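Step one of this worksheet: look at the structure below.
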Amino acid sequence: MAKEQGPEESPSNMTQEKHRGKGMASGFTHKVPRQALCTFITIFLLLLGVTALTLWLVYRPHKPQFKVVGASIYDFNTTAPPLISTTMQFTVVTRNPNKRLSIYYDRLSAFVSYKNQAITPQGMLPPLFHEKHSTVVVSPVLGGGTVPVSVEVANGLMMDEAYGVVGLRLVLMGRLRWKAGPIRTGHYRVYVKCDIMMGLKRGYVGQVPLLGSPECKVDI
């Protein structure tokens, strides 16, 4: 009896099998480097994030602190509304609470307001450098010229002066930068509001008592 033989493989079938095998090997070869690259990128991003978080926790900037500790009045003329003229000097203590960061103040200016209306011209202060974890005292003199105000403000100031207690707001504003070693940040706007109550009698000139002066509010 003749022995049955299976179908012989044709040359074309053998060629297709070879190409299929090469394709699978090539796909596997390309897949391994892609996986390694994705793993490297993932690990690099994780390390970068951990480093950034660590630096932020270590060098995280804290807002400076301001407090008015003294005030002097050299002129306080409210008898010719709607124009008033004042000359005042304030002693302000500012503290840098950061142990690793210094602070540069640029374009720092100040003015005094009453019921949200300026009663002194805006005065420029010299640039201020604040060492890390240090305290600086500044004593700006503000006023020296007439300022137009509303009738409500003029009447309110005259009534408060007659009563002997005047509530004012000292405003400081400008730009600041933090510095850590050779690295400096960009500029940030700073706006400081200091609400104070002081004893002031009509015609008095000189240092006046502060009846209330909480820490100033600092917005950055």
Side-chain angles (χ1 to χ4, degrees), residues 52 55-77 82-150 153 157 166-198 207-208 210 212-220:
L55 290 175
W56 183 80
L57 290 174
V58 172
Y59 292 97
R60 177 178 52 178
H62 296 281
K63 293 180 181 179
Q65 300 166 353
F66 291 78
K67 185 177 179 65
V68 179
V69 297
S72 297
I73 305 296
Y74 304 114
D75 176 34
F76 197 76
N77 186 358
L83 298 176
I84 65 172
S85 63
T86 61
T87 302
M88 308 178 183
Q89 184 175 21
F90 297 91
T91 302
V92 183
V93 174
T94 172
R95 179 174 177 270
N96 177 10
N98 298 282
K99 295 182 179 180
R100 297 180 176 88
L101 299 174
S102 303
I103 302 177
Y104 286 91
Y105 294 94
D106 301 319
R107 300 181 184 177
L108 199 60
S109 62
F111 65 92
V112 180
S113 69
Y114 176 83
K115 292 185 177 181
N116 294 321
Q117 185 171 347
I119 61 172
T120 68
Q122 186 171 315
M124 298 300 299
L125 278 66
L128 177 63
F129 175 64
H130 214 164
E131 287 283 358
K132 51 191 175 183
H133 208 243
S134 63
T135 300
V136 175
V137 179
V138 294
S139 299
V141 177
L142 303 174
T146 57
V147 176
V149 297
S150 65
V153 167
L157 282 171
V166 179
L168 300 176
R169 171 176 288 177
L170 173 65
V171 178
L172 299 98
M173 56 187 180
R175 302 190 307 173
L176 64 77
R177 294 172 292 164
W178 282 283
K179 178 178 179 292
I183 301 175
R184 296 184 184 183
T185 67
H187 285 94
Y188 292 84
R189 293 189 179 276
V190 58
Y191 191 82
V192 183
K193 295 179 291 186
C194 305
D195 293 319
I196 57 176
M197 298 289 293
M198 57 187 186
Q207 188 171 2
V208 295
L210 295 180
S213 178
E215 285 199 0
C216 307
K217 183 180 180 181
V218 181
D219 293 322
I220 294 179

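Bear in mind that the values here come from a model prediction, so they are computed numbers and not experimental data.
- Atom-to-atom distance recorded for Ile196:CD1 and Arg169:CZ is 11.0 Å, nearest 0.5 angstrom.
- Every residue meeting the side-chain hydrogen bond (donor to acceptor under 3.5 Å, both in side chains) condition with Ser85, not counting sequence neighbours, appears here in chain and number order: Asp75.
- For the atom pair CE of Met173 and CG of Asp219, the computed distance is 13.0 Å after rounding to the nearest 0.5 Å.
- Applying the salt bridge (Lys or Arg N to Asp or Glu O under 4.0 Å) test to pairs two or more places apart or on separate chains, none has a residue in residues 183-193.
- With rounding to the nearest 0.5 angstrom, the CD1 atom of Ile220 is 11.5 Å from the NE2 atom of His62.
- In plain terms, the two heavy atoms of Cys194 and Val68 that are nearest each other are CB-CG2, 3.7 Å.
- Asn96 contributes a side-chain N or O that, together with a main-chain N or O of Asn98, makes up a donor-acceptor pair within less than 3.5 Å.
- Applying the salt bridge (Lys or Arg N to Asp or Glu O under 4.0 Å) criterion to Arg177, with sequence neighbours excluded, gives Asp106.
- When all heavy atoms are compared, the tightest approach of Leu210 to Gly70 is CD1-N, 3.5 Å.
- Between Ser113 and Val171 the shortest heavy-atom distance is OG-CG2, 4.3 Å.
- Annotation: Lys115, atom NZ; neighbour count of heavy atoms from other residues, nucleotides and ligands within 6.0 Å is above 12.
- Residues Pro64 and Pro97 approach most closely at CA-CD, 4.0 Å, considering heavy atoms.
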For a quick test of your reading: what N or O donor-acceptor pairs under 3.5 Å do the side chains of residues 117-132 make, sequence neighbours left out?
| from | atom 1 | to | atom 2 | distance (Å) |
| --- | --- | --- | --- | --- |
| Gln117 | OE1 | Ser150 | OG | 3.2 |
| Thr120 | OG1 | Val112 | N | 2.9 |
| Gln122 | NE2 | Ser109 | OG | 3.0 |
| His130 | NE2 | Thr94 | O | 3.3 |
| His130 | NE2 | Ser134 | O | 3.1 |

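- Here Thr135 contributes atom OG1 and Gln65 contributes atom CD; the two are 8.5 Å apart, rounded to the nearest 0.5 Å.
- The distance from the CG atom of Leu168 to the CZ atom of Phe76 is 6.0 Å, given to the nearest 0.5 Å.
- The two atoms that bring Ile73 and Met198 nearest to each other are CD1-CE, 3.7 Å, heavy atoms only.
- Partners of Tyr114 under the side-chain hydrogen bond (donor to acceptor under 3.5 Å, both in side chains) rule, at least two apart in sequence or in another chain, are Asp160.
- The stretch residues 166-198 participates, sequence neighbours left out, in these ring pair (Phe, Tyr, Trp, His ring centres under 6.0 Å) pairs: Trp178-Tyr188.
- Nearest heavy atoms, Leu170 versus Ala110: CD1-CB, 4.5 Å.
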